[in-house]
Amino acid sequence: MVTAKVWVLKKHFEGFPKPSDFDLKKIELPSLQNGELLLESVFLSVDPYMRPYSQRDMKEGDIMIGTQVARIVESKNPAFAVGAFVVANSGWRSHFISDGKGLHLLPSSWPESLPKSLALGTVGMPGLTAYFGLFEVCKMKPGETVLVNAAAGAVGSVVGQLAKIGGCKVVGCAGSDDKVAYLKKLGFDEAFNYKTVTSLDEALSKASPDGYDCFFDNVGGEFSSVAINHMKKHGRIAVCGAISQYNDSVPQKGPYVQIPMIFKELRMEGFIVTRWNNRREEGQKALLKWVLEGKVKFHEQVTEGFENMPAAFIGMLRGENLGKAIVKV
Ligand SMILES: NC(=O)C1=CN([C@@H]2O[C@H](COP(=O)(O)OP(=O)(O)OC[C@H]3O[C@@H](n4cnc5c(N)ncnc54)[C@H](OP(=O)(O)O)[C@@H]3O)[C@@H](O)[C@H]2O)C=CC1
Ligand SMILES: CCCCCCC/C=C/C=O
């Protein structure tokens, strides 16, 4: 008999999530039926989407949503061998039973030199978000200028590096001087700390006096309202995330987008990475290749201990992560 630890949403978040909104519980797992496998989580992901999705899709008492890299401990399913690693979407659980549906095996060719947690970050959902958001939504072209915010995070750091690979000039914004230094190390052409600049408007003008062809927006709110006025004619805005709004109890008001959209003839498109689930393999293969070639670098903010899942999640929302926020069990 295996006892799984799980984190439950005890109380719907009001404003910023608090440790008391979560409950750690234990569940006895039954023995395996034919076709089933027992898995143990090795790395778990904490992501911004958990905040708005919990509000929309979860009830109090539900196990927190999320993905993990898990090791197969026992198998009564011939398609899954003991010892193999998978990416699962099984929520904040230390152990779980699966019938194999929806599990993604890590390729057997996964290089020993790379942490398996990368399958939750640069070579996982956030990396794919950068890949499809840039290539399919922004449709960036060599020689263009790309702006990305939350640039030192899981998605943003890949966006900037892919835009450089694609021959663009890249401007990134992040919330600390250490993050700005990291962006420069990654090869961003311009980077600034949006929390300390005296004027965001001036900082955006200084970083690219001619404006921006592409804006990969992870933040929304006030930042986006200022940035839209810096778009070039026929610019493209990929609306990826709105983290500055996820914890608002009262929705923020405009300025509204219509006037700059009309006069600059902009295209603005929201997207969710799962739109390209049928091209997941293509994206992962490309990202893995760039990582192995050293063209895409990565950093992970690893929190040790399953019991620290809420702290890691809250820390990520506060901006304490450089690169991908991961919990190592
Ligand atoms: N559409 C899609 O399919 C997907 C969308 N996303 C979205 O992409 C965005 C980035 O996600 P991800 O890379 O995983 O997360 P990150 O690794 O970037 O972590 C979140 C970061 O957001 C920044 N942040 C937090 N609050 C604010 C704020 N009020 N204003 C500005 N920045 C803030 C912090 O960085 P800093 O110190 O710089 O402030 C923090 O480190 C999120 O909005 C997320 O929801 C992610 C995956 C898929
Ligand atoms: C299997 C996990 C799918 C996660 C999709 C995340 C989409 C994110 C939206 C905003 O953050």
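Whatever order the structure lists ligands and atoms in, that order sets their numbers, starting from 1. Residue indices begin at 1 and follow the sequence shown.
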[atom]: which protein heavy atom is closest, and how many Å away?
atom: atom 27 (C) of ligand 1; value: Ile243 CG2, 3.8 Å
atom: atom 48 (C) of ligand 1; value: Thr129 OG1, 3.2 Å
atom: atom 26 (N) of ligand 1; value: Leu317 O, 3.6 Å
atom: atom 19 (O) of ligand 1; value: Asn321 ND2, 3.3 Å
atom: atom 13 (O) of ligand 1; value: Val155 N, 2.7 Å
atom: atom 47 (C) of ligand 1; value: Met125 SD, 3.5 Å
atom: atom 35 (O) of ligand 1; value: Lys179 NZ, 3.3 Å
atom: atom 6 (N) of ligand 1; value: Cys240 SG, 3.7 Å
atom: atom 3 (C) of ligand 2; value: Thr274 CG2, 4.2 Å
atom: atom 10 (C) of ligand 2; value: Tyr49 CB, 3.6 Å

- For the residue pair Phe223 and Phe215, categorise the inter-ring angle as parallel (less than 30°), tilted (30 to 60°) or perpendicular (more than 60°). tilted
Which word best sums up how the rings of Phe22 and Trp92 line up, parallel for under 30°, tilted for 30 to 60°, or perpendicular for over 60°? parallel
**Asked** Do Met309 and Met64 have side chains that get closer than 4.5 Å, going by heavy atoms?
**Response** no
Report yes if the side chains of Tyr131 and Val273 come closer than 4.5 Å at any heavy-atom pair, otherwise no.
-> no
For [Y], is there any backbone N or O sitting under 3.5 Å from a side-chain donor or acceptor partner on [X]?
X: Gln301; Y: Gly323; result: no
X: Asn149; Y: Asn218; result: yes
X: His299; Y: Leu322; result: yes
X: Ser199; Y: Glu202; result: yes

For [atom], which candidate among [options] holds the nearest heavy atom?
atom: atom 12 (P) of ligand 1; options: Pro48, Gly153, Gly220; answer: Pro48
atom: atom 32 (N) of ligand 1; options: Phe216, Tyr246, Tyr194; answer: Tyr194
atom: atom 9 (C) of ligand 1; options: Asp178, Val273, Asn218, Val148; answer: Asn218

Would you mind running through ligand 1 and noting each atom that sits below 4.0 Å from a heavy atom of [X]?
X: Met316; answer: 19 (O), 20 (C), 40 (C), 41 (O)
X: Ala154; answer: 13 (O), 14 (O), 16 (P), 17 (O), 18 (O)
X: Gly323; answer: 17 (O)
X: Val219; answer: 30 (N), 31 (C), 32 (N)
X: Gly241; answer: 7 (C), 43 (O)
X: Ala174; answer: 38 (O)
X: Ser244; answer: 28 (C), 29 (N), 30 (N)

- Where ligand 2 meets Asn89 - atom numbers and elements under 4.0 angstrom, heavy-atom basis: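 Near Asn89, the atoms of ligand 2 are 1 (C).
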For this session: State the atoms of ligand 2, each with its element, that fall below the 4.0 Å cut-off from a heavy-atom position in Tyr53.
Result: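 So the answer, numbered in order with elements, is 7 (C), 9 (C).
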Go through the side-chain N and O atoms of [X] and [Y] and say whether any donor and acceptor fall under 3.5 Å apart.
X: Lys324; Y: Ser45; result: yes
X: Asn308; Y: Thr303; result: no
X: His230; Y: Asp201; result: yes

When you compare ligand 1 with [X], is there at least one nitrogen or oxygen pair between them that comes in under 3.5 angstrom?
X: Phe271; result: yes
X: Pro126; result: no
X: Asp47; result: no

Answer yes or no for Ala242: is there a heavy-atom contact with ligand 1 below 4.0 Å?
yes
| So is Pro52 close enough to ligand 1, meaning a heavy atom under 4.0 angstrom away? |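 Contact check Pro52 vs ligand 1: negative.
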For the residue pair Lys116 and Phe85, would you count it as a cation-pi contact if the rule is NZ or CZ under 6.0 angstrom from the ring centre and within 45 degrees of the ring axis?
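Cation-pi check for Lys116 and Phe85: passes.
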Q.
I'd like to know if Val159 and Trp276 are part of one continuous hydrophobic network [Ile/Leu/Val/Met/Phe/Trp/Tyr, side-chain heavy atoms within less than 4.5 Å].
A.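 Linked within one cluster.
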Should the heavy atoms of other residues, nucleotides or ligands under 6.0 Å from NZ of Lys25 be counted, would the total exceed 12? no
On a heavy-atom basis, the closest approach of Pro48 and Pro52 is O-CD, 3.1 Å
(request) Check each of Glu136, Glu144, Glu265 against Arg236 using the salt bridge (Lys or Arg N to Asp or Glu O under 4.0 Å) test, and report the only one that passes. (result)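 Answer after filtering Glu136, Glu144, Glu265: Glu144.
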